[in-house]
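Right, one structure below, let's go through it.
These values consider heavy atoms only, across backbone and side chains, with no hydrogens, waters or symmetry-generated copies. A note on names: the letters A, B, ... follow the listed sequences, proteins ahead of strands, and every chain is numbered from 1.
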There are 2 protein chains.
Amino acid sequence: MNGSREAELREAGLRVTAGRIAVLDALGSMPHADADAIFRTVAPGLENTSIQSVHNILADLSAAGLVRRIEPAGSSARYERRVGDNHHHVVCTNCGAVADVDCVHGAAPCLSPSADAGYRIQTAEVTFWGLCPACQAATG
Amino acid sequence: MNGSREAELREAGLRVTAGRIAVLDALGSMPHADADAIFRTVAPGLENTSIQSVHNILADLSAAGLVRRIEPAGSSARYERRVGDNHHHVVCTNCGAVADVDCVHGAAPCLSPSADAGYRIQTAEVTFWGLCPACQAATG
DNA sequence: GCAGTTGTTTTGAATCATTCAAAACAAGGC
DNA sequence: GCCTTGTTTTGAATGATTCAAAACAACTGC
């Protein structure tokens, strides 16, 4: 629904532009894509656009809370539309593929450290590392 | 003990060099330092060295399991000497300071995802985000 | 329906951490 | 003490991301 994406942008106080719709659209069909993948998906449909614009749009959408940015060690930033819940990720140690994992416990911050070193904890981010199905098949 | 660091290097099958000793030394007194901080600490004591050499040394030490590399979102790679146990980290959302947190549960992988998306899970990495004591004092 | 304001995109350049590669060098085995 | 081979040096390259100014277009109000 194009309309729902428009509404989302408006509610977030952002102007509705073709680029933003296209990026939200692309993220709908390819969760955990990086800026470059999104750019390649979106570019054919937009006359003049650039990887910089995509970065810009992604930064705006992240700041507005419409997309979530994750940065697994060793790969560039990934973006996803699933926001608001406190879910986590599994990253393939071989190919870098990312998949969602539901929160281990119930609500955020979902885990409490045994000793917080004096920090005022806000959230807990869990990243699982393992072999994705495809790489299991390939490497045994 | 200089000797223990030498022994560590030898046991790992690495040659003992001034640079490696210096980097291990620096990491002993500044856990969670990034490559640049280590370079600045180490440079005065070594005639000709460069940030590239430090990167090189850190890569070797990480591969040998003598140091652990962590990459919190939004900052450059940090290194620490505490290896072998499965501990986690708290990162300050304001200044990026990192502190250790003991493993939430007992042994690695320390957590199991509710659904593993077909991945063969190897480890779980937990990053807590919050305000460090200094930033709490500064920003209230 | 149109004009103005202001947020957004474009374009181009710059930054930063990190990696790569070849030549100079030095640690440790003999 | 010499040789082999791993390590450091030096210099350049990469790639993701950010910055900045000018061109542009979405929405507001008329």
Checklist entry - Which parts of nucleotides 15-30 of chain C does protein reach within less than 4.0 Å, heavy atoms only, written one letter per nucleotide 5' to 3' as B for base, S for sugar-phosphate only and - for none? => result --SBB------BBS--

Can you tell me how far [atom2] of [N] sits from [atom1] of [X], to the nearest Å?
X: A:L61; N: C:dT8; atom1: CG; atom2: P; result: 10 Å
X: B:E6; N: D:dT7; atom1: CD; atom2: P; result: 15 Å
X: A:E47; N: D:dC24; atom1: CD; atom2: C1'; result: 15 Å
X: A:R20; N: C:dT9; atom1: CZ; atom2: C1'; result: 9 Å
X: A:D60; N: D:dA26; atom1: CG; atom2: P; result: 15 Å
X: A:I70; N: D:dA16; atom1: CD1; atom2: C1'; result: 16 Å
X: A:I57; N: D:dA25; atom1: CD1; atom2: P; result: 14 Å

Item to check | From CA spacing to verdict: side-chain contact (heavy atoms from CB on, under 4.5 Å), A:E8, A:R81 | outcome: CA-CA 12 Å; A:E8 249 184 306; A:R81 291 223 53 190; 2.6 Å; yes

Checklist entry - Should the pair B:R69-B:E71 be classified as a salt bridge under the 4.0 Å nitrogen-to-oxygen rule? => result yes

Next on the checklist: Please determine whether a side-chain nitrogen of the Lys or Arg among B:D100 and B:R68 lies less than 4.0 Å from a carboxylate oxygen of the Asp or Glu.
Outcome noted: no

Checklist entry - Using links of under 4.5 Å between side-chain heavy atoms of ILVMFWY residues, direct or through other members, which residues join B:V91 in one cluster? => result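 Besides B:V91, the cluster holds B:I70, B:V98, B:W129.
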
Using distance only, find each side-chain donor-acceptor pair of residues 52-67 of chain B under 3.5 Å and give its atom names and separation, not counting sequence neighbours.
from  : atom 1 : to    : atom 2 : distance (Å)
B:S53 : OG     : B:S50 : OG     : 3.3
B:D60 : OD2    : B:R20 : NH2    : 3.0
B:S62 : OG     : B:L58 : O      : 2.7

Next on the checklist: With ring-ring contact (aromatic ring centres under 6.0 Å, His included) as the rule and sequence neighbours excluded, what pairs involving residues 7-52 of chain A come up?
Outcome noted: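 Residue pairs with at least one partner in residues 7-52 of chain A: A:H32-A:H89.
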
Item to check | Helix axis bend for the helix from C:dG1-D:dC30 to C:dC30-D:dG1 - C1'-based end axes, five pairs, 10° rounding | outcome: 30°

Checklist entry - Less than 4.5 Å apart, any side-chain heavy atom of B:C92 and any of B:L131? => result yes

Item to check | Note, A:H87 side chain near A:E80 side chain (heavy atom, < 4.5 Å) | outcome: yes

Next on the checklist: Side-chain N or O of A:S50 versus OP1/OP2 of C:dT11: is the shortest distance under 4.0 Å?
Outcome noted: no

Checklist entry - With sequence neighbours left out, which residue pairs that include part of residues 36-47 of chain B fulfil the side-chain hydrogen bond (donor to acceptor under 3.5 Å, both in side chains) condition? => result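 Every pair satisfying side-chain hydrogen bond (donor to acceptor under 3.5 Å, both in side chains) with a residue in residues 36-47 of chain B: B:D36-B:R40.
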
